[in-house]
Protein chains: 2
Amino acid sequence: MARDGSSTRDKILDTAEELILERGYSGVSVDSMINKLGITKGAFFHHFKNKQAMAEALLHRFGDQDLVLMENLRSRAEKLSRDPLQQFLIYIGLFEEMFDSMTEPFPGCLFASYTYELQQFDEATRRYIADSVLRWRGELQDWFEIIMAQYPPRLPVDSASLADSFNTILEGAFIMSKAANQPEIIVQQLRHYKNYIELLFATD
Amino acid sequence: MARDGSSTRDKILDTAEELILERGYSGVSVDSMINKLGITKGAFFHHFKNKQAMAEALLHRFGDQDLVLMENLRSRAEKLSRDPLQQFLIYIGLFEEMFDSMTEPFPGCLFASYTYELQQFDEATRRYIADSVLRWRGELQDWFEIIMAQYPPRLPVDSASLADSFNTILEGAFIMSKAANQPEIIVQQLRHYKNYIELLFATD
DNA sequence: TTTTACATACCGACTGGTTGGTATGTTTGA
DNA sequence: TCAAACATACCAACCAGTCGGTATGTAAAA
């Protein structure tokens, strides 16, 4: 092996993520990326066969980080309580904590960004996005099944759409906070979601 | 006046809206719009001084239609019950009905699309987006104040973030349904929101 | 141990095509 | 007949992507 180019590759993805969340995939040119980074076209196209391939690699990296974060917060929540309902409430609380401690406004979710430009991407990328949504659902669905077995819900609900509701609120809150330029919206909406879960599975 | 160009103008906006919700503003070229419509550049730039101005006009039209829809459903809900809480639950139900009766998947919200490309737009457009969010909040906030005066919430909530939560869930559900390619998600999530409001203001 | 061969990382000029936008001419209806 | 509603022809800037070349490292043969 020659010089280690992995840091250059990472820096390209970092810059791309930042710019794409501000201007969308189609709004970011290869030139704008390399100019911001101070590298050349040669470097860019050495690491990615084309712009689309870079976008795909970026989304996969984002998805992987997402998964790691979810597993991390989940395992922390599971250590903080033995009760599945309490665990989930703590899980939401850890998300609140995370968004609350951010010094800069959360820049947004790449999946959402791509979703509002879906037809710009190839079938494989579109399928990866859909599969990711189903994966998030699957993870939380199992959790809700356990909760529902122990705590009968006050209103008839299904575990799948209940699982979806977490990401629904997150994605919605990202947009609202960006649109209104009010970062605090994310934590506020997570609190409402916690309220809902509490009320839905209240034992009293 | 010579020929009536208003229908051409409308058709340009219709096509733009459709394409932008598929590919994002930057992903839609003026050529792609006029080709799809079968008109020429002359027609396009006769009606709009540039692409940005078209995007701004489109967003304002979308915002106006939005407002009309909300007022329409609200007045229908107000006629169907005298109780403010019931009115709001009916209001959500009318949204459910609307999304349920759509023959094609809901294409998405222009405000959300623009929001994930915010830096592509000028300050005036960005402010219009932020003001729209605040306007939605304001409308529902008054409603919730009335509800809260009559029905003490089971958990401590503020009317502003509670108002935001409706649009949060809508915007989130739009993304989830597009990403997963499952239109039914929108109605499912609205049902969860209705659940939350019911449980939060339950009298028993 | 040195030299040759080779691979990776990167540079920057260049290309064909697309972009948003303009200048000017033509048609159409009141 | 006159202004609004288009069409046509064109331009300069920008776009993604290519290509010949260079710099820098590793590996293996002599």
Side-chain angles (χ1 to χ4, degrees), chain A residues 1-20 22-59 61 113-114 117-125, chain B residues 1-20 22-59 61 113-114 117-125:
Chain A
M1 207 189 291
R3 283 173 287 170
D4 181 19
S6 65
S7 92
T8 300
R9 201 188 122 105
D10 288 344
K11 274 188 249 173
I12 291 173
L13 293 180
D14 291 343
T15 304
E17 182 168 337
E18 186 185 335
L19 291 177
I20 288 176
E22 286 172 352
R23 322 188 83 93
Y25 168 74
S26 309
V28 179
S29 67
V30 174
D31 276 317
S32 71
M33 290 187 270
I34 64 174
N35 286 338
K36 174 154 191 174
L37 251 174
I39 61 167
T40 59
K41 281 255 171 96
F44 185 93
F45 287 104
H46 169 73
H47 287 288
F48 305 101
K49 81 169 197 284
N50 53 35
K51 196 191 169 194
Q52 285 270 350
M54 184 279 298
E56 207 178 324
L58 177 60
L59 189 67
R61 189 182 74 156
S113 175
Y114 284 33
E117 273 180 284
L118 260 192
Q119 296 310 312
Q120 295 286 86
F121 300 99
D122 58 23
E123 185 52 37
T125 302
Chain B
M1 203 188 292
R3 282 174 287 172
D4 180 20
S6 65
S7 89
T8 300
R9 201 187 123 102
D10 288 343
K11 274 189 249 173
I12 291 173
L13 293 179
D14 291 342
T15 304
E17 182 168 336
E18 185 185 335
L19 290 176
I20 287 175
E22 285 172 353
R23 322 188 85 91
Y25 167 75
S26 309
V28 178
S29 66
V30 175
D31 275 316
S32 71
M33 290 187 269
I34 63 175
N35 287 338
K36 175 154 189 174
L37 254 174
I39 61 168
T40 61
K41 286 217 169 160
F44 184 94
F45 286 103
H46 171 73
H47 287 287
F48 305 101
K49 80 170 198 285
N50 54 34
K51 196 192 169 194
Q52 285 270 350
M54 184 280 298
E56 207 178 325
L58 177 60
L59 190 66
R61 189 182 75 156
S113 174
Y114 283 34
E117 274 179 283
L118 259 193
Q119 297 310 313
Q120 295 288 86
F121 300 99
D122 58 24
E123 185 51 38
T125 303

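Here is how names work: the chains are called A, B, and so on, in the same order as the sequence lines, proteins then strands, and each is numbered from 1.
As a whole-Å value, the separation of A/Asn35 CG from D/dA16 P is 11 Å. Between the C1' atom of D/dA5 and the CG atom of B/Leu37 lies a distance of 15 Å, rounded to the nearest Å. Spacing between atom CZ of B/Phe48 and atom P of D/dA5 amounts to 12 Å, rounded to whole angstrom units. Atom CZ of A/Arg9 is separated from atom C1' of C/dT8 by 14 Å (rounded to the nearest Å).
A/Lys36 is linked by a side-chain hydrogen bond (donor to acceptor under 3.5 Å, both in side chains) to A/Glu18, counting only residues two or more places apart in sequence or in another chain. For A/Ala55, the side-chain contact (heavy atoms from CB on, under 4.5 Å) partners at least two apart in sequence or on another chain are A/Tyr25, A/Tyr114, A/Phe121. For B/Gln120, the side-chain hydrogen bond (donor to acceptor under 3.5 Å, both in side chains) criterion is met by A/Arg23, B/Ser26, not counting sequence neighbours. A/Gln52 pairs by the side-chain hydrogen bond (donor to acceptor under 3.5 Å, both in side chains) definition with nothing, not counting sequence neighbours. For A/Asp122, the salt bridge (Lys or Arg N to Asp or Glu O under 4.0 Å) test picks out no residue, with sequence neighbours left out.
OP1 and OP2 of C/dC10 both lie 4.0 Å or more from every side-chain N or O belonging to A/His46. A sub-4.0 Å separation between OP1 or OP2 of C/dT8 and a side-chain N or O of A/His47 is absent. The phosphate of C/dA9 (OP1 or OP2) has no side-chain N or O of A/Thr8 nearer than 4.0 angstrom.
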Contact letters for nucleotides 16-23 of chain C, in which S counts primed atoms plus P, OP1 and OP2 and B counts the base, heavy atoms under 4.0 Å: ---BBBB-
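In terms of modelled atom types and a separation under 3.5 Å, the side chain of B/Lys51 and the main chain of B/Val28 share a donor-acceptor contact.
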